Structure formats: structure tokens, C-alpha cells
Enquirer: 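Structure in C-alpha cells, see below.
Treat the numbers as computed from the prediction; the structure is a model and nothing was measured.
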Amino acid sequence: MAQIRKKSRRVDPELLDLRQRIRHSASHLMADAVTRLFPEAKLGIGPPTDEGFYYDLDVSRPFTPEDLEKVTQIMRDTIAKDLPFVLKEHEREDIKQLCHDQPYKLELIDEIPEDEPLTTYTHDAFTDLCQGPHVASTGKIPAFKLLSVAGAYWRGSEDRPMLQRIYGTAFESQAALDEYLHQIEEAEKRDHRRLGRELGLFLFDPIAPASPFFLPKGAILYHLLMEYVRGLYRRYGYQEVITPQIFSTDLWKRSGHYDNYLESMFFIHADDREFGVKPMNCPAHALMYSSQLHSYRDLPLRIADFGRLHRYERSGVTHGLTRVRSFSQDDAHIFCTPDQISEEVQGFIAMLQESYSTFGFDEPLVMLSLRPDKRIGSDEIWDRAETALKDVLDRSGLDYEVKPGEGAFYGPKIDFFVPDAIGREWQLGTIQLDFSLPERFDLEYIAEDGSQQRPVVLHRAMLGTIERFIGVLIEHYGGAFPLWLAPVQAVVIPIADRHLGYAEEVKEKLVQQGFRVEVDARNERMNLKIREAQLQKVPYMLVVGDREAEGGTASVRSRDAGDMGALPVTEVIRVFGEESKVRGR
RNA sequence: GCCAACGUAGCUCAGUGGCAGAGCAGCGGUUUCGUAAACCGCAGGUCGUGGGUUCAAAUCCCACCGUUGGCUCCA
């Protein structure tokens, strides 16, 4: 099953370069066309992207679908004329003159360093400040399509004006464009929101915005993931705890959340006191840690918590299961000495790699974020922490990107991203060093020499938010979960009413072995039951009729491989047992 | 939060000022069937919520709620 990724990391570089030129050129044609329809339009930027191109324009009114059709027509005409793209280098003053009525362009020009050449590309009567490259002429744009309109802040900043952005895409051939559009359509069928409804996994209701209700089948999946993580915790030396849901505001003031996180928290008032619903577990764990005296011999202490968290995410950013307001994480905090950082990070990455490969997320995008300008903690401890993170990553064999200045003020971090069906990358795992929390909660341990020392805290989540992980996982598998994760592993299908008793027997034998099996006892024909089990993506269908009842067998039909013939029920149990051991198929 | 679109039966959607519709799902019956949709019938709605315009509103206007796409790709 082909997985669609936005970052098509395997496309040949020449083709990528060609696409960039085509898309960049198409974006010029689009701006040209818009300018003809809206002569007063002010141009923002119009770059190619991984999937297409866009142009940001400041126009008097939002674009309508009819506008897009007209723009498309003008672009077609320009392509038909096959006009050359002409590159020209300019003096700074000349180009400012040229762009005198284009405030956004002037802003861009002022930011270009003095020693860089200022160039424009011209086709027909349209000239745009641009460093290229482009295709040779407008006729060399073989296939394009305008896709959507959206508002976009100038330079991505909410303080700047909002421009109208038109998205489009362009390819080296009509066939490639059609293939892309087809892929998008296919990806929509894997959308976890759609599959969640169709497969009866979860639902949303406006009564609790952005907060999923997990139906029985979804809850099975949820708990299977938790059990899987618990299994890893046992092997990797974690202890699980359960902590309260709401805490007096005093705790949030102490942790710093009240100052920095206020708008993202829910509050409750009772007995004239204010309580905050926890948006994260760390303060509770810090409290637990400080409730006892700790020896260096106790460390590292790894405290895991699946506690439910609530965050008031802004209305525009919530999205299906991948960005919700009520969720839990496979969250844990590691309290350790500075000397133990490296080993702890290494242990975490080993566990993360093991789990990701189980689910087939073999190439997560990894980002290492280093010290920002505004930070706490000595340079020495930052040096030590950053070096530890880098060393571990280098040894892990994972590719990673370094993001200088992107770390949190309280410590550096590594984030792990995995794409959804349409290639949007979602952050799942994370490991963050924290030099702040131990200060705020005055955490200590007694060192070998009897002195009081401050531990380091590592915040870490592997699957991350379970809700989000399920969303990404549904899209990853297209809803067809491997046997060990399938909410219903097999449906027993009696051919006629008289086979119901035997069907129940078969089911019971499998259920006794711990498998999740149902009987489809409805008064419907076998064909319909097979069709529906197939659409529900149930891994196995066990058809039973006279022949099976007589021989103590079941005719096995696999979701993926079709009819596998009759097997004794004991053999079915063996096959299922083998297959459920193979996680991450 | 901001820009835009959308909200009609459980689901997918039609209905643009004059009696609220279809397919699927559901329910009842007939049928007892061998690997992706049997047949007949029945029921199902505060047209997201509130207000306004009008003789008349699902339809037009306003507000609110919710959902979707975008607001990170830098001349």
C-alpha cells in the first residue's frame, strides 16, 4: 500500500528542479493574470512549494471560484503564446522605482543584503522581483491547476495585513498532474476523520468541541496502544503513576504555567478557590519527587503517567484526532543526574526506534532544537546537554535536522515527526531537557559526597498524544490494522440460520484464546456479510456452513489475501497466534 | 484568534422565497443462501442555534455555535 508523503524524499533531483521551475513560472503567470483582473492588486510573494505553488496578493475583495476560472483562462492564453522569461539585473534605486507602488516588494528589497544582485524576471508585460530560476518560456508549463484560496498573513505574522493566497500546482506533464490529483483523492479516503466514523472508532460532538468520544472499537485500539507502551516500560525500567486531574492554582503559579500558559488552560472554581485542569503532568511529578528525600542511588527515576490532559487549543488549529483539547500522552519524566543525561536519552531513542519500527514509521523526521537567546541555565550545562543529544542521535543512525535557537528556554529538545495521509508532518515523540522545573520545585538529591545536588528533568513522550498517534496510525494503515491492533480480529459468518450454533462455538473457542471475534448473526446473505466485514477491514472472515460444522473447521477468508480454504479451528488459533506476534506488519 | 467556505434524516447529498426530498443505513416481513450489495414494505426532520425582513424563509439579512481548508515553504 503506497504511502503518500509530502516530502517525496526519493524523487530524482533533476525532476525536482524542473518542477520547481515550472511551478515558480506558473506562479508568475498567475500573478500576471490576477493583476490584469485586479489592476490595483499588491503583490506579496509567490514561491514554488513541495506540492505546487502559491501567490499572496492584496486585493480589494476575496477571490471567488469564478475569479479562479478567469485567472486560469488568462494563464492558458499566456502559455499558448509561448513568451520568453527574461532575466534582468538592476541597480537598487532602479528597482525601487520599478516597484514604487508595490509596498510588499519594497519591504523585501530593503531586506536583501547590499552585495546581492537584484534581479527581475519578465514575461509579456509582467515583471516581478525574483531570483528565479524559471523555465525558458511560458509555453514550457505543460500542466497546471489552481486549487484553492486562503487567507494568509503577510510574512506569517498575525500583526501584519492578511493577504489572499491562491494555491495551485503544476507538473511536467498532464499525466503527472492527473496522477497527483488522483493521489489526493485516494488520500482523502484514508482521512482518519472519515475512517473513524466509517469504522466506528470515535465521534465528535459540538457539545465538547475538539474532544473525541472513543467508541468501543476505538477504545480497544486506545488500550492496546497503552498496553504496548506499558510492555516497553517494564523492559526499559519505568514506573507508572496516577496523579490528580485538577490542582489548586498555587501549583500552576509555582510551575510557571500560570504566567506562560494561562490562555491554554481550563479553570474551575469551587469553595472560593481556583483550580486549574492539568495541561501537562510535569508539576504533579515534580511534586511527587519532592515528597521524598532522594539519594543519587535512586536515580535515574523514570515516572510514567497516562493522565488525561486538557488544553484550550485555539479554535482554528484543532483538527480531527491530531489536534484536540482533551487527550492523554505516553508521558514520562526522568529525574537524573547531569552525568546520566546521555545514557537516558540513548535509552529513550532505542525504545522509540523499537516502537516506531513496530508501527512501520521507519523514517521519522527528526529535529534537534538548540539553545535560544533567551534561556536559563549555565552555558556549561547547555554545552553538556546539547553534546549529549547530538552524540546519541549520531549513534542512532537516524537522519536529523539541527534547528539552532529553536530550543525551549528551559532546555534543548529532540522532536520526532511522522506524516499523515496527505503528507502533513505531525509531531509525535519528543524528549526535552528541563533545567527550570528542578529550580522551581527546588528538587534535590543527596550526592555520593553527602552534598545536596539538583537533578535534571527529561520530559519525554514516545507515541506522544495517543489521540494524535491513533489519527496518524489510522491513515498510515488506511484503517486496515494489523491483526494485533484490529479492534475486531475476525467475524464468524454462518451461511444459514442452522449454522448459528456452530458459529457461536467457533467464536467461543477463539475468544477463550483471547482473540477479539464476533459472529454476524443477522438474517442476511453471506455475500453481504463478507462485503461488510471487508469494508470494515476486519482481518479475517470465518465462513461456516454444513461442511465446516461437520469437520470442525472454518473456511478462512483473509481481508488481504481472499479465500484461504477450510482449516481446523485449532489450526486457525495457531495461525492467529503466530500472526498477532508479528507486530508492525 | 484571523481569512474563506460550509452546516438539510444516522451517512452522502439534492432542494435559491410558496406542501421538506433521494440513495444508503435503520425497522418489519419474505427468503436460508458457499466468498464484496436478495426481494417487498414501513418509519425517519425545530433544515446548527437565536433574532430580523416578508403575506410567506431551509432559501434573504444579522449575531452566535460548530466543522473544513489556510495563516511554517520568502525576492
Enquirer: Taking atom P of B:rG48 as reference, at what distance in whole Å does atom CD1 of A:Ile207 sit?
Expert: 17 Å

Enquirer: Taking atom types as they are modelled, would you say the side chain of A:Ser555 forms a donor-acceptor pair with the base of B:rG34 within the 3.5 Å cutoff?
Expert: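 Present.
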
Enquirer: Can you tell me how far the CG atom of A:Leu510 sits from the OH atom of A:Tyr540, to the nearest 0.5 Å?
Expert: 12.0 Å

Enquirer: Rounded to whole Å, please give me the gap between OH in A:Tyr54 and C1' in B:rG69.
Expert: 15 Å

Enquirer: Could you run down the sub-3.5 Å N/O contacts of the protein with nucleotides 3-12 of chain B?
Expert:
| residue | atom | partner | partner atom | Å |
| --- | --- | --- | --- | --- |
| B:rC3 | O2' | A:Gln164 | NE2 | 3.4 |
| B:rC3 | O2 | A:Gly151 | N | 3.3 |
| B:rU12 | OP1 | A:Arg197 | NH2 | 3.1 |

Enquirer: Classify the ring geometry of A:His28 against A:Tyr121: parallel below 30°, tilted from 30° to 60°, perpendicular beyond 60°.
Expert: perpendicular

Enquirer: B:rG70 phosphate, OP1 or OP2: any side-chain N/O from A:Arg165 under 4.0 angstrom?
Expert: no

Enquirer: I need the CZ-P distance between A:Arg194 and B:rG69, as an integer number of Å.
Expert: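 Interatomic distance, CZ of A:Arg194 to P of B:rG69: 14 Å.
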
Enquirer: Who pairs with A:Glu198 by salt bridge (charged side-chain N to carboxylate O under 4.0 Å, His left out), at least two apart in sequence or on another chain?
Expert: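 Scan of A:Glu198 (salt bridge (charged side-chain N to carboxylate O under 4.0 Å, His left out), adjacent residues dropped) gives A:Arg194.
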
Enquirer: Return the value, rounded to whole Å, for the distance between atom CD of A:Glu158 and atom C1' of B:rG70.
Expert: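 Those two atoms, CD and C1', are 13 Å apart.
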
Enquirer: For B:rA36, give the paired nucleotide (Watson-Crick: N1-N3 plus N6-O4 or O6-N4; G-U: N1-O2 and O6-N3; both under 3.5 Å), or none.
Expert: none

Enquirer: Would you say a side-chain N or O of A:Arg424 is under 4.0 Å from OP1 or OP2 of B:rG69?
Expert: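 Looking at the OP1 and OP2 atoms of B:rG69, one of them is under 4.0 Å from a side-chain N or O of A:Arg424.
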
Enquirer: Among B:rG34, B:rC74, B:rG1, which is the nearest nucleotide to the side chain of A:Val543?
Expert: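 In terms of side-chain proximity for A:Val543, the closest of B:rG34, B:rC74, B:rG1 is B:rG34.
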
Enquirer: Would you find a donor on one side and an acceptor on the other, under 3.5 Å apart, between the side chain of A:Arg371 and the backbone of A:Gly405?
Expert: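 Not at all, since once roles are kept as given, no pair shorter than 3.5 Å links the two residues.
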
Enquirer: Would you mind reading off the distance between A:Glu532 atom CD and B:rA36 atom P, rounded to a whole angstrom?
Expert: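 So the CD-P distance, A:Glu532 to B:rA36, works out to 14 Å.
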
Enquirer: Measure from the side chain of A:Tyr312, starting at C-beta and using heavy atoms only, and say which of B:rG70, B:rG1, B:rA37 lies closest.
Expert: B:rG1

Enquirer: Please tabulate, one pair per line, all N/O donor-acceptor pairs under 3.5 Å involving side-chain atoms of residues 212-221 of chain A, not counting sequence neighbours.
Expert:
none

Enquirer: Restricting to salt bridge (charged side-chain N to carboxylate O under 4.0 Å, His left out), what partner residues turn up for A:Lys189, sequence neighbours left out?
Expert: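 If we apply the salt bridge (charged side-chain N to carboxylate O under 4.0 Å, His left out) test to A:Lys189, skipping adjacent residues, the hits are A:Glu186.
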
Enquirer: Would you indicate which nucleotide in B:rC74, B:rA38, B:rC2 comes nearest to any side-chain atom of A:Tyr153?
Expert: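 When the side chain of A:Tyr153 is considered, B:rC2 is the closest of B:rC74, B:rA38, B:rC2.
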
Enquirer: Mind calculating the distance between CG (A:Asp110) and C1' (B:rC74) to the nearest angstrom?
Expert: 15 Å

Enquirer: For RNA chain B, which residues in residues 490-499 of chain A have a heavy atom at a distance below 4.0 Å?
Expert: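 A:Ile495, A:Ala496, A:Asp497, A:Arg498, in order of number.
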
Enquirer: Would you classify A:Asn527 as touching base, sugar-phosphate or nothing, given that sugar-phosphate means primed atoms plus P, OP1 and OP2, and contacts are heavy atoms under 4.0 Å?
Expert: sugar-phosphate

Enquirer: If pairing requires Watson-Crick or G-U wobble contacts with both distances under 3.5 Å, which nucleotide is the partner of B:rC27?
Expert: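 Paired with B:rC27, as far as the under-3.5 Å criterion goes, is B:rG41.
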
Enquirer: Which nucleotide in the set B:rU35, B:rG34, B:rG26 lies at the smallest distance from any side-chain heavy atom of A:Arg522?
Expert: B:rG26

Enquirer: Between A:Ile184 (CD1) and B:rG69 (P), how many Å, whole number?
Expert: 12 Å

Enquirer: If only side-chain N and O atoms of A:Arg193 are considered, is one of them under 4.0 Å from the OP1 or OP2 phosphate oxygen of B:rG69?
Expert: yes

Enquirer: Under a 3.5 Å cut-off for both contacts, is B:rC74 paired Watson-Crick or G-U wobble with anything, and if yes, with which nucleotide?
Expert: none

Enquirer: Please give the nucleotide sitting opposite B:rA9 as a Watson-Crick or G-U wobble pair, both distances under 3.5 Å, or none.
Expert: none

Enquirer: At less than 3.5 Å, do the side-chain atoms of A:Glu548 and the base atoms of B:rG34 form a donor-acceptor pair?
Expert: yes

Enquirer: Ignoring backbone atoms, test whether A:Ser148 places a side-chain nitrogen or oxygen under 4.0 Å from the OP1 or OP2 oxygen of B:rG70.
Expert: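 No.
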
Enquirer: When we call it a touch if two heavy atoms are under 4.0 Å apart, what does A:Ile109 touch: a base, just sugar-phosphate, or nothing?
Expert: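 Touches nothing.
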
Enquirer: What does the list of N/O pairs under 3.5 Å between the protein and nucleotides 42-45 of chain B look like, with a distance for each?
Expert:
none

Enquirer: Is A:Ile112 touching bases, backbone alone, or none of the nucleic acid, heavy atoms closer than 4.0 Å?
Expert: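 Base: the residue A:Ile112, judged by heavy atoms under 4.0 Å, touches a nucleobase.
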
Enquirer: Using a 4.0 Å heavy-atom cut-off, does A:Phe204 contact any base of the nucleic acid, only the sugar-phosphate backbone, or nothing at all?
Expert: nothing

Enquirer: Roughly how many Å is it from CG in A:Leu16 to C1' in B:rC73, rounded to a whole number?
Expert: 14 Å

Enquirer: Any idea which of B:rA37, B:rC74, B:rU35 is nearest the A:Leu528 side chain?
Expert: B:rA37

